[in-house]
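All values below were derived from every heavy atom in this structure, side-chain atoms included, with hydrogens, water molecules and symmetry-related copies excluded.
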Amino acid sequence: MDFVSATARDGAATQFVLDAGSHGLLGGRLTGGGVADDFDGQVTLEARSRDGYRRHSRQDRSGLYANGGWQVSDDFDLRVFATHIDNDEQLAGALTRAQFDQDPYQANPSAISGNYQLNVRTSRLAAKGNWHIEPGRRLEFGLSYEDQDLYHPIVDKVMVDFDGPGPNPPVEVFSLLKDTRQRTLGGMVRYQVQRGDHDVLAGINLATTHETGANYRNDGGRRNGRTGLIDNRSGSVEAFVLDRWCLRPGWTLVYGVQGVLTGRDVRNTDLASGSVRHPDADYSSLNPRVGVIRTLAPSAEAFASLSRLYEAPTTFELEDDVRGGDATLDAMHGSVLEVGLRGSTTTAAATRLHWDLSLYHARIRDEILSVDDPSAPGTSLSTNIDRTVHAGIEAVAGASFAFGDGSHRIEPLVSVTCNAFSFDGDRTYGDNDLPAAPDYAIRGELIYRNDAGFFAGPTFDLVGARYADFDNHYRVRGYHLLGLRAGIERGQWTLFAEARNLLDKDYVGTFSVRDRAAADDAILQAGAPRSLSVGARLQF
């Protein structure tokens, strides 16, 4: 994905957005900038807070986003980016099925006594250059540096009474507060050349990350004695070349290869024993891909591709290897076949259509999943699974139908995802479904619009059932939600409002996964109840 930041040259120079809503939601965003000859700049300030729809789920977030550009010449420009985000968030914790049925919006008592939080501060600087060397030749290059602090109380005190009833109080055997700093330096170069029937893109991405810090005992969200040191490093080099070759009118062959070389160096020191875990491994792979695009009409095409998949384990996954010691996980790898159709109508007729349909089938070896720690059931650790299958359908379709005198339109939009994820002849789980992924997820809206700028219409979410364990014994029900979206756009200003879960249904939004989940496992997190948000946007 190529995310493109808005600049003062391609958007409104000044913009103000204010929104508020249920459960203590209040937010605002102010953007200002301008262009002066060859220079431009833009700064956005953002602040947002919410009490949350569950107890102990307050969030406060503020951010600064800035970029500035220098048009050195008609063919060469430089741009710098700066970002700072400060996000403090309380965590409500997961619930058992009985707790969820009693009150899905309560917090787990341990989340309150342990003051579970996820507090992240991130600062990032980046610079990027674009050089259009000549028609058909372009060079991009960039550097970035990111500094991130994490403060994460996540496990309350676990107390054990070793002596049984008596004068001695229970002893704390475990609690966890993670306090770390992560620094990442990255760089990239991309060269594109178009010659004849070929459009070739080659490049290299470089990154190195160093994470330092410690694990502490958790005393109500406060550090209560350091228990372990963390010193993790990772680095990667990714080089690629891709060619789009127009074989003949209407036919394009897309082929290329990616080379990956990455290293992981994890060093965790237990202060009580002095022991050091040191998983350390290098991973490398050549990942080819080949595909074809067939043009069916000026704005419609069919495509097919076959690619090799590859992903090395993260340092976090190596830290949590179920085998412990200096054991290292294998990289995930496999292949994926994808076919599909995409397109749109291009005329300004009364009816406009657009669609994107993709069918895929991936076979993966050594997929990294979280399984139960044999010595502490309910604690998830990482392991490789021999073979899994990820297959499914992803589709988006939309339309715009004019009626009346042409000043009114009905615009339906729907996205559909169907999942068929499973183990493949596993020694423990056989061909069971992989948990967490629902059988289907359908989201859509049906919006009325008119030339006066008014729009309104219902939204809906249909999500199928899914398993919460590898053993396929704990099934989480699906849910159906109804919402409403409306607003009015008039020149420089916009008013908007949205209501979600209008029928106020209780449903499980997310959950944790177990090997074999029991009814008294605390794994369920409630989705949002009925909520309303309103806002305004002014730009000039």
Side-chain angles (χ1 to χ4, degrees), residues 1 94 97 100 104 302-305 309 334-344 353-364 367 369-370 385 387-399 411-424 426 429-447 457-485 498-514 517 523-531:
M1 294 185 182
R97 181 160 275 171
F100 187 91
F303 61 90
S305 69
L309 305 173
S335 58
V336 57
L337 174 65
E338 182 179 13
V339 297
L341 297 166
R342 57 190 170 219
S344 63
L353 307 171
H354 64 89
W355 62 91
D356 193 324
L357 170 67
S358 175
L359 292 78
Y360 66 93
H361 185 94
R363 291 190 172 273
I364 301 176
E367 182 172 0
L369 297 177
S370 295
I385 299 296
R387 297 191 304 273
T388 56
V389 173
H390 291 241
I393 299 172
E394 296 179 350
V396 176
E411 298 184 345
L413 177 67
V414 63
S415 69
V416 178
T417 301
C418 298
N419 301 311
F421 300 171
S422 67
F423 295 96
D424 184 12
D426 189 78
Y429 308 113
D431 294 327
N432 283 0
D433 290 344
L434 286 171
D439 299 331
Y440 62 86
I442 304 172
R443 293 180 169 87
E445 62 182 30
L446 182 63
I447 303 297
T459 65
F460 60 89
D461 294 78
L462 312 175
V463 177
R466 59 267 203 224
Y467 288 110
D469 59 0
F470 298 130
D471 216 26
N472 288 181
H473 278 80
Y474 193 116
R475 192 167 176 85
V476 177
R477 295 189 301 270
Y479 58 89
H480 300 165
L481 304 179
L482 180 65
L484 182 64
R485 195 161 67 87
E498 183 171 8
R500 298 185 178 183
N501 193 3
L502 281 174
L503 303 181
D504 202 24
K505 290 190 173 183
D506 297 339
Y507 67 99
V508 175
T510 60
F511 53 85
S512 305
V513 170
R514 297 281 188 267
I523 60 174
L524 305 178
Q525 303 260 8
R530 182 189 295 122
S531 57

Looking only at non-hydrogen atoms, find the nearest pair between [X] and [Y] and report the distance.
X: A468; Y: P435; result: C-CB, 4.1 Å
X: A528; Y: Y507; result: N-OH, 3.2 Å
X: G464; Y: P438; result: O-CB, 3.4 Å
X: Y467; Y: H473; result: CD2-N, 4.4 Å
X: P104; Y: A526; result: O-CB, 3.2 Å

Contact between [X] and [Y] at the side-chain level, heavy atoms closer than 4.5 Å - yes or no?
X: Y440; Y: L462; value: yes
X: F303; Y: E338; value: yes
X: D431; Y: F423; value: no
X: L369; Y: F470; value: yes
X: R443; Y: V463; value: yes
X: V396; Y: V414; value: no
X: F421; Y: I364; value: no
X: R485; Y: I447; value: yes

Among side-chain atoms of Q525 and T510, is any donor-acceptor pair under 3.5 angstrom?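 Short answer, no.
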For the [atom1] atom of [X] and the [atom2] atom of [Y], what is their distance to the nearest 0.5 Å?
X: I442; Y: H480; atom1: CD1; atom2: NE2; value: 8.0 Å
X: D469; Y: S512; atom1: CG; atom2: OG; value: 12.5 Å
X: H390; Y: H361; atom1: NE2; atom2: NE2; value: 10.5 Å
X: L484; Y: E445; atom1: CG; atom2: CD; value: 11.0 Å
X: T459; Y: N501; atom1: OG1; atom2: CG; value: 10.0 Å
X: N419; Y: D433; atom1: CG; atom2: CG; value: 10.0 Å

Could you check whether any side-chain N or O of D424 sits under 3.5 Å from a backbone N or O of R387, counting only pairs where one atom can act as donor and the other as acceptor?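 Not at all, since once roles are kept as given, no pair shorter than 3.5 Å links the two residues.
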I'd like to know if the side chain of R530 reaches the main chain of L502, judged simply by a donor and an acceptor atom lying under 3.5 Å from each other, with no hydrogens or angles considered.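 Checked: pair present.
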Test side chain to side chain contact (heavy atoms under 4.5 Å, CB included) on H354 and L413 and set out the steps. CA-CA 9 Å; H354 64 89; L413 177 67; 3.8 Å; yes
May I ask you to check if R466 and F511 form a cation-pi contact, with NZ or CZ under 6.0 angstrom from the six-membered ring centre and within 45° of the axis?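 Output no; distance or angle outside limits.
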